[in-house]
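Worksheet for the structure shown next.
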Amino acid sequence: MMRQEITSMNAVYSNMRRGDWARWTLLAIGVIATAGCFSPAAQFELNMIAVHKRELESEATFSTQYQLQPIAEILEASFGTPDNPVLPPVPGIEDVLDLEKIKMAAGPYGSDENGKQRGLYRQHCVHCHGITGDGAGPTAAFLNPYPRDYRPGKFKFKSTASGQEPTHQDLNRIIRDGAAGTAMPSFKLLDSDEIEALTHYVKYLSIRGQTELYLIEAEFGELLPAVVKPASERNAEEQEYVESLTEEELEEEKAEFLEEVAFFESRENIVEEVVGPIVEKWMNAGDEVTEIAEKPEMEMKESIAKGRELFFSAKTGCAGCHGESALGDGQTAEADFYDDWTRFYYDPNDPSTLEGYLALGALEPRKLRPRNLRQGVFRGGRRPIDIFWRIRNGIEGAKMPAAPPIVTDEEIWHLVDFVRYGLPYDALSENEPHQPENVRVRN
Amino acid sequence: MKLLHFSSALLLALCVSSAVSAAGWGTITGKFVVDGKVAPPEPLVITKDKAVCDKNPPLVDESLLVGPDGGLKNVCVWLSLGRRDPQPPVHASYEATANDTIEVDNLACAYVPHVVVVRPSQKVEFKNSDPIAHNFKVDGFANNPFNTLVPAGGSFMHQFPSEERVPMVAACAIHPWMTGFIVVKEAPYVAVSAEDGTFTIENVPAGDWNFQFWHTSGGYLSEVKMGGKTEKDRKGEYEIKVEDGKATDLGVITVAADKLKK
């Protein structure tokens, strides 16, 4: 194949040497012009990393006709395209997603006849977060930390507990304020309705991504397509499996398979079984905000002293990861210290599958670092309440655990004071960063 | 919508309880044995809290434990249903334990037990008997994930409301070598093979059922030898016939060593 390409290139080269420069230049200009004028409309991409993962788990490959295409069709029918978003008919979805706002953020960048900005997502977000919201836009690989992948619906910095969706306000805040110490800037200069539009669009991409993930992992991914695939598309195991079946069993399995696929041709079933429960969680997020007892009146010095004691105690275990001097150097483990977005495709105990994921666009795994608390930089915000939420609820997707119920709100307020005021401020105290593990060199 | 779900669940529960003792009950027993050589478990790399965690004998990787006569520990066996199949009838003997609290402890930086089985109606007490802090980061698919710290000597209660297709994984962020599994199944017909590879599931409703075999080393057992016959299934699903008042002894279930990952 490679050789063929080289040969044809040579042919092109020798053609050019024959002196027909003008014709080639014209052709090149023509090609560029055509591509420029008729560049294809932006499209959502299928979550091939999730598909690949499911394929490895089930040792089967997805059937294009019966799995990949139906998934793409269901998603398009339910959510539309990047240029023309629609919403699935879930009762009450308008309380979560505002289609008018989503349309303001969707589509190509420009302005309408009233001078109102359109295509805000592509103007401000897409280069890092990607058209599909996969956190793998063109600049993503150069950023540390990587941009958020919205598709699993997991967010770190929020007012709700792990496993709960963030509130609208949580996402709005991080767009407005940015995430300190990361490449995520503040968008305070945008109008508030533009920030609103982007907030809705991020939620839209999340809900779409969660729906897709559910279809891949739990629904279509549960099916073994060997029985419906033509022999030429089966891998060795699938072929062996099909051969082990009697004619009757084969027909039976085929019928079962098609019945499952047909189940999701019904929009009602999609709404009821897949999208409905996802939207419902977003709907309830507002009721799930962690309630916090008011900060007790106390001499700051005293509060810091109490916080310090807690920080080093076996009751909270803070120093275990953040280190004896709070430089974030307490966790030296070489094994599993990756976030959930990375752990989705990378198992540090079995790096053999990584190559396949990287080829599909997964980002090179990078280790997490417990925060160095002496720099005064807090990604999720540095207000007391932000730090309170981080300690009480932990950080979803990262390794930071939630404080146990026996640690009282009052005690957490002391920890907040200690973290904010009880540590030496030392911008140069940056510890030696963990280098990204070069798995291929190591093995 | 929630109400509707609840009422239909109630209806289903009523149907199920009325179906109780429809066809009688039987017991399933068996013994998982590894055929071939398996390397002894490797000691884990203890990177911190060595005073508590670095013990003699050292902590080992528990994912593949084989007894002296080849018995395979920690094979999970559960009754497997199609996605829209109704739940099987539940024998009265399981009612007494329906609201039990199942314990998972942190003991010298390992989860005890390594594999635990729980029903949605039961609670789990996540304990920490060590003098240092641990945390439980539990991730599944149907249940909300959580990651909660347990102070030295502390504990907290948790309930998993939904059944999980495969066992949930528990891990500790402070001590990354720690791993445990939580099997959440609605129907109580679940067993985990003991050190010698044996398991028993009592009072299974009579009939032909699919059971899934899953092992901590690499998931579904896709090829086993049962009753002298080699059987294959990608999802480790095997049909087992249960007869009223009888014990179905599956005898020795052989798993080839090279089919076990790691």
Side-chain angles (χ1 to χ4, degrees), chain A residues 57-60 91-92 154 161-164 214 217-219 222 224 226 237-238 240-241 244 256 260 263 272 276-277 280-281 313-321 330-337 340 343 348-350 368 370 393-407, chain B residues 1-2 4-5 44-49 52 61 63 82-84 126 128 130-157 162 165-166 169 171-179 218-220 222 231-235 261-262:
Chain A
E57 280 166 2
S58 64
E59 293 177 347
K154 273 190 196 184
S162 273
Q164 305 293 347
Y214 193 82
E217 292 197 308
E219 300 295 349
E222 281 281 86
L224 291 174
E237 280 111 12
E238 289 176 316
E240 194 186 331
Y241 174 70
S244 76
E256 264 175 45
E260 287 290 342
F263 183 81
E272 189 140 320
E280 201 174 330
K281 285 196 77 182
S313 71
K315 190 175 182 182
T316 68
C318 303
C321 290
Q331 181 53 267
T332 53
E334 277 307 308
D336 176 11
F337 218 68
D340 287 357
R343 287 294 262 116
N349 299 312
D350 176 20
L368 279 172
N393 292 335
I395 298 179
E396 182 160 15
K399 294 288 184 188
M400 169 86 180
I406 70 154
V407 175
Chain B
M1 200 158 103
K2 256 190 180 157
L4 199 87
H5 277 196
L44 296 167
V45 183
I46 309 299
T47 46
K48 63 192 301 179
D49 291 325
V52 181
D61 180 356
S63 62
R83 275 188 295 167
R84 277 170 270 278
F126 289 101
N128 177 8
D130 281 347
I132 49 171
H134 284 290
N135 68 304
F136 281 99
K137 185 177 189 319
V138 180
D139 290 298
F141 193 81
N143 291 287
N144 279 346
F146 65 86
N147 178 6
T148 303
L149 191 117
V150 219
S155 81
F156 69 94
M157 299 291 257
S162 308
R165 186 166 50 89
V166 291
V169 181
C172 177
I174 307 171
H175 309 102
W177 62 83
M178 294 176 67
T179 324
Y220 299 127
S222 57
E231 293 194 43
K232 282 188 189 180
D233 187 275
R234 283 146 181 276
K235 285 182 173 176
K261 287 167 196 164
K262 272 184 196 172

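All chains are named by letter (A, B, ...) in the order of the sequence lines, taking the proteins before the strands, and each is independently numbered beginning at 1.
Applying the side-chain hydrogen bond (donor to acceptor under 3.5 Å, both in side chains) rule to A:Y241 yields the partners A:E253; only residues at least two apart in sequence or on another chain are considered. For the salt bridge (Lys or Arg N to Asp or Glu O under 4.0 Å) test, no residue two or more places apart in sequence or in another chain qualifies with A:E256.
Per-residue counts of heavy-atom pairs under 4.5 Å with chain B were compared for A:E396, A:E57, A:E260; the largest is that of A:E260. Of the listed residues (A:E222, A:E237, A:Q164), the greatest number of heavy-atom pairs within a distance under 4.5 Å of chain B belongs to A:E222. Per-residue counts of heavy-atom pairs under 4.5 Å with chain A were compared for B:Y220, B:F136, B:F141; the largest is that of B:F141. Options B:A133, B:G82, B:G219 differ in how many heavy-atom pairs under 4.5 Å they form with chain A, and the most are formed by B:A133.
When all heavy atoms are compared, the tightest approach of B:N144 to A:K281 is OD1-NZ, 2.7 Å. Here the closest heavy-atom approach between residue A:A314 and residue B:P131 is recorded as CB-O, 3.7 Å. The minimum heavy-atom distance between B:P151 and A:K315, with the atom names listed, is CB-O, 3.3 Å. Nearest heavy atom pair, residue B:L149 against residue A:G317, reads CD2-N, 4.5 Å. Counting all heavy atoms, side chain and backbone alike, B:F146 lies closest to A:S162 at CA-CB, 4.3 Å.
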Under the side chain to side chain contact (heavy atoms under 4.5 Å, CB included) criterion, do A:R343 and B:V169 qualify, and how do the steps go?
CA-CA 12 Å; A:R343 287 294 262 116; B:V169 181; over 6 Å; no
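With a 4.5 angstrom heavy-atom cutoff, A:D350 does not touch chain B via any of its atoms. Contact of A:L224 with chain B is made through the side chain alone, with heavy-atom distances under 4.5 Å. Of the atoms belonging to B:N128, not a single heavy atom falls under 4.5 Å from chain A. Using a 4.5 Å cut-off between heavy atoms, A:A218 touches chain B through backbone and side chain atoms alike.
Here the SG atom belonging to A:C321 is positioned 5.0 Å from the NZ atom belonging to B:K48, to the nearest 0.5 angstrom.
Using modelled atom types, one side-chain atom of B:N147 and one backbone atom of A:K399 make a donor-acceptor pair closer than 3.5 Å.
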